[in-house]
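See below for the structure under consideration.
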Amino acid sequence: MYSVPSKFALLIAGAALISGCASVQDVERAQATADQAQATAQNAMNTAQQAQQTANNAEATAQRAAQAADDANAQARAANERQEELQQTAFAKGERG
């Protein structure tokens, strides 16, 4: 089965042959060009898929970092609250620190 670039090259080559202006070498060059274009497009697609996977990994890492920051903030708030409670208790007992 021919791909779209190959079909296009064959169509162009066929039209040229019908009109009498293309040689077998012209058709072969057109096919080779279409094959190269297809290979280039496939490489581009593979590169795009790798880039998408890298972006997905980066997003997951960022989400984990955001969660860790949220957890650290919650712990800091809890520690501050506990410190305030201890200071109020000490003040209520008449201790100064």
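Since the model is a prediction, treat every value here as computed from it, not as a measurement. Just so you know, these numbers use all the heavy atoms, side chains as well, and skip hydrogens, waters and symmetry mates.
With hydrogens and angles disregarded, a donor-acceptor distance shorter than 3.5 Å links the side chain of D26 to the backbone of S23.
Interatomic distance, R77 CZ to Q75 CD, rounded to the nearest 0.5 Å: 10.5 Å. Here the straight-line distance linking atom CG of N57 with atom CD of E59 works out to 10.0 Å at 0.5 Å rounding. Q83 contributes atom CD, which lies 11.0 Å from atom CD of Q88 (distance to the nearest 0.5 angstrom). In this structure, CD on E81 lies 7.0 Å from CD on E85, to the nearest 0.5 angstrom. Taken from CZ in R82 to CG in L86, the straight-line distance is 4.0 Å, to the nearest 0.5 Å. Put simply, CD on Q42 and OG1 on T47 are 10.0 Å apart, with the number rounded to the nearest 0.5 Å.
Judged by distance alone, the side chains of N46 and Q50 never bring a donor and an acceptor atom under 3.5 Å apart. Donor-acceptor pairing under 3.5 Å is recorded for the side chains of Q52 and N56. Of the N and O atoms on the side chains of D35 and Q31, at least one donor lies less than 3.5 Å from an acceptor on the other residue.
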